[in-house]
**Q** 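This is the structure I have questions about; it appears just below.
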Number of protein chains: 2
Amino acid sequence: MDDLETRELRYFVAVAEELHFGRAAERLGIAQPPLSRAITQLERRLGVRLLDRDRRGAALTDAGRVLLREARTALDAVSAAVRRTRRAGDPERPLVLVTKAGASHELLRALLDALADPVEVLLCEVGEQAHRLRDGQADVALMHRPFDDLAGFDTADLHTESQVAIVPAAHPLAARESVTLAEVSAVPDLPIARWPRLDGTYPDGPGPEVRTQSQLAQLVALGRTLLVIPASSRAWQWPEHVAVPVVDAPEVTTLLAWPPGSPVASLVRSAAKLSF
Amino acid sequence: MDDLETRELRYFVAVAEELHFGRAAERLGIAQPPLSRAITQLERRLGVRLLDRDRRGAALTDAGRVLLREARTALDAVSAAVRRTRRAGDPERPLVLVTKAGASHELLRALLDALADPVEVLLCEVGEQAHRLRDGQADVALMHRPFDDLAGFDTADLHTESQVAIVPAAHPLAARESVTLAEVSAVPDLPIARWPRLDGTYPDGPGPEVRTQSQLAQLVALGRTLLVIPASSRAWQWPEHVAVPVVDAPEVTTLLAWPPGSPVASLVRSAAKLSF
DNA sequence: GAGCCTAATACCCGGTGGGTATCAGAGCTT
DNA sequence: AAGCTCTGATACCCACCGGGTATTAGGCTC
């Protein structure tokens with residue numbers, strides 16, 4: 001009566017994301033009628049209307065939005081169970097550490113040295129670490145406060161530092177000893193790039209839209225945007241750019257995060273202590 | 001190939017908990033042969049041996065222990081999805097707050113007043129709040145640091161206080177201005193009670209074993225054990241007992257906890273600010 | 001009103017989850 | 001040592017249900 005199967009959750013997520021039964025069915029590799037029936041049955045079992053069907057598709061109800069969020073985390077948890085169990089059965093399983101491209105090499109190197117066991121490093125795009133951790137693709141993540149979403153993880157701080165602005169050497173700001181956030185936000189010819197939100201849409205603003213680190217690097221190199229980043233991120237500093245301290249930007253803490261209850265906790269904590 | 005159904009997880013959890021196919025099958029309401037087959041199939045699909053079958057039952061492998069832990073959290077997440085979706089579809093859904101019996105009445109009252117919306121209060125035993133939160137039976141929990149397991153939740157502190165020891169008025173310690181943890185631990189005629197661990201076993205020690213608050217209350221009332229608790233817990237202080245400050249006991253923080261990403265976050269945060 | 005695009009309904013089929021009956025092997029008991 | 005007992009595994013069958021195709025039912029556009 002009240003235990004759903006993951007299949008039903010997958011089906012619902014597909015429909016909720018596509019908002020279209022036909023496309024969702026195609027994505028799932030099944031025909032449209034069984035999918036319609038499955039969703040109807042799901043609604044009957046939950047006793048709740050999830051979608052408002054309409055002549056040109058479907059729209060989520062409030063309850064549907066709740067289920068979409070909950071179903072995603074539940075499916076992640078199931079995936080995590082599969083991945084972690086498989087890895088636990090592998091005799092020479094490496095620890096998987098996920099980090100975004102562009103994190104400090106020195107710190108990463110020191111960390112890998114501190115961990116005696118073999119470690120596999122997985123690179124992902126900005127903001128993706130949490131998801132990799134949640135669905136079991138990684139055991140531990142290198143993340144940054146206050147940027148990354150740390151909700152639901154245990155953490156150990158590694159390093160705290162201030163931020164600098166990366167500007168073309170020829171720009172007026174490049175001569176400054178230091179700048180403020182208000183100043184860098186207001187530079188009209190170097191609007192700050194906009195990252196997508198969790199739902200894939202972009203906030204309004206004058207800056208260019210970017211999805212990946214490499215897109216951003218391209219824009220910075222072209223002198224089309226400026227960038228506020230932790231001081232240690234030397235990878236961004238080409239000869240034709242300079243780094244100017246931003247006095248009132250929040251401190252950035254590089255830290256390790258892992259799912260609560262994971263057996264990596266003790267290992268990682270001691271490594272974090274060792275390396276700093 | 002790599003997506004399990006919750007049914008398979010439920011079956012495995014039952015076997016892993018009973019360590020006996022027959023009893024597990026009975027608990028699940030199915031016959032033993034299909035259960036054996038399901039577990040075998042699960043092992044084949046994961047490519048990992050989960051149980052060492054034996055003449056007198058079964059024992060978990062390392063991978064099996066991993067799957068047991070992961071499967072429980074995944075099943076909790078699925079239950080949470082069902083509960084929260086049902087509640088989201090209910091037009092006059094109350095917020096469900098879970099607290100252990102014996103928490104401060106004044107604080108709880110102030111909190112309920114601060115929350116404009118109707119709130120349903122759910123009482124549970126010590127240490128059970130986290131589970132109620134994880135499987136969606138509650139939206140927010142009143143918990144205590146450093147006692148409760150806060151892993152995986154967002155929190156807002158409400159109140160911090162020191163601890164006192166509750167001892168019979170006739171006892172020598174009752175005359176003291178203050179005591180230390182070392183002193184109260186060493187009182188031979190009032191050994192501190194032992195609570196079960198997460199797996200249900202008890203740590204060694206001279207004190208009586210308790211499972212519930214009321215059992216403990218009984219023992220305290222009988223003068224068979226002493227108790228170190230936050231100073232505000234007046235409910236424990238009968239006329240024939242006195243409270244003696246414990247100078248080196250850790251401060252106890254009463255706080256609200258909720259699952260990350262929950263829409264109650266903003267509501268609860270503002271209420272927490274209002275009430276203190 | 002014709003044509004379309006949507007989701008829902010009708011109906012059939014095959015796979016598989018669950019049932020009973022039975023087997024197989026490792027301790028006990030005597 | 002033979003047999004009993006308790007375990008999980010195997011064999012086999014059935015019925016349900018998840019998935020398929022064909023079709024219907026609305027509502028929009030032109």
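Keep in mind the model is a prediction, meaning the values are calculated, not measured. Quick note on labels: first sequence line is chain A, next is B, and so on, each numbered from 1.
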**Q** Taking the side chain as everything from C-beta on, heavy atoms only, tell me whether Pro259(A) gets closer than 4.5 Å to Leu133(A).
**A**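 Yes. Closest side-chain heavy atoms under 4.5 Å.
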**Q** Let me know the distance between CD of Gln32(B) and P of dG17(C), rounded to the nearest Å.
**A**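 In whole Å, dG17(C) P lies 17 Å from Gln32(B) CD.
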**Q** Write down the distance between CD1 (Ile30(B)) and P (dT16(C)), rounded to a whole number of angstrom.
**A**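 It works out to 17 Å between those atoms.
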**Q** Write down the distance between CZ (Arg23(B)) and C1' (dC6(D)), rounded to a whole number of angstrom.
**A**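 Answer to the nearest Å: 11 Å.
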**Q** Rounded to the Å, how far apart are Ile39(B) CD1 and dG8(D) P?
**A**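 For the pair Ile39(B) CD1 and dG8(D) P, the rounded distance is 11 Å.
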**Q** Please determine whether a side-chain nitrogen or oxygen atom of Gln41(A) lies at a distance below 4.0 Å from atom OP1 or OP2 of dG18(D).
**A**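 Yes, such a contact exists.
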**Q** Looking at Ser36(A), does any N or O in its side chain come under 4.0 Å of the phosphate oxygens OP1/OP2 on dA8(C)?
**A**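 Ser36(A) to dA8(C) OP1/OP2: side-chain N or O found under 4.0 Å.
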**Q** Could you work out which one of dG8(D), dG19(D), dG19(C) sits closest to the side chain of Phe21(B)?
**A**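 For Phe21(B), the side-chain atoms sit closest to dG8(D).
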**Q** Counting distance only, does the side-chain N/O of His144(A) pair as donor-acceptor with the main-chain N or O of Phe147(A) below 3.5 Å?
**A**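 Side chain of His144(A) to backbone of Phe147(A), a donor-acceptor pair under 3.5 Å: no, none is there.
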**Q** Among dA7(C), dA10(C), dG17(C), find the nucleotide with the atom closest to the side chain of Pro33(A).
**A**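 Of the options given, the side chain of Pro33(A) lies nearest dA10(C).
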**Q** What is the distance, rounded to the nearest whole Å, between atom CG of Asp52(A) and atom C1' of dA8(C)?
**A**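 Rounded to whole Å, this separation is 16 Å.
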**Q** Starting at atom CZ of Arg10(A), determine the distance to atom P of dG18(D), rounded to an integer number of angstrom.
**A**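 In whole Å, dG18(D) P lies 13 Å from Arg10(A) CZ.
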**Q** Taking the side chain of His20(A) as its heavy atoms from C-beta onward, which of dT6(C), dG8(D), dG20(D) lies nearest to it?
**A**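 Out of dT6(C), dG8(D), dG20(D), the nucleotide with an atom closest to His20(A)'s side chain is dT6(C).
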**Q** Identify the heavy atoms of Thr85(A) and Leu50(B) that sit nearest to each other, and give their distance.
**A**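 Distance-wise, the nearest heavy atoms are CG2-CD2, 3.7 Å.
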**Q** Could you state the CD-P distance from Glu26(A) to dG20(D), rounded to the nearest angstrom?
**A**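 Between P of dG20(D) and CD of Glu26(A): 13 Å.
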**Q** Ala257(A) and Met143(A): which non-hydrogen atoms are nearest, and at how many Å?
**A**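 Distance-wise, the nearest heavy atoms are CB-SD, 3.7 Å.
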**Q** Rounded to the Å, how far apart are Arg53(B) CZ and dA24(C) C1'?
**A**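 Roughly 15 Å, once rounded to whole Å.
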**Q** Tell me which nucleotide among dG19(C), dG20(D), dG19(D) gets nearest to the side chain of Pro34(B).
**A**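 Selected nucleotide (nearest to the side chain): dG19(C).
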**Q** Give Arg7(B) one of three labels, base, sugar-phosphate or nothing, depending on what nucleic acid heavy atoms sit under 4.0 Å from its own.
**A**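 Sugar-phosphate contact only.
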**Q** For the residue pair Glu120(A) and Pro94(A), what are the closest heavy atoms and their distance?
**A**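 Reported closest heavy-atom pair: OE1-CG, 3.5 Å.
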**Q** Arg37(B) has a side chain; which of dG18(C), dT21(D), dA8(C) sits nearest to it?
**A**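 Closest nucleotide among those given: dG18(C).
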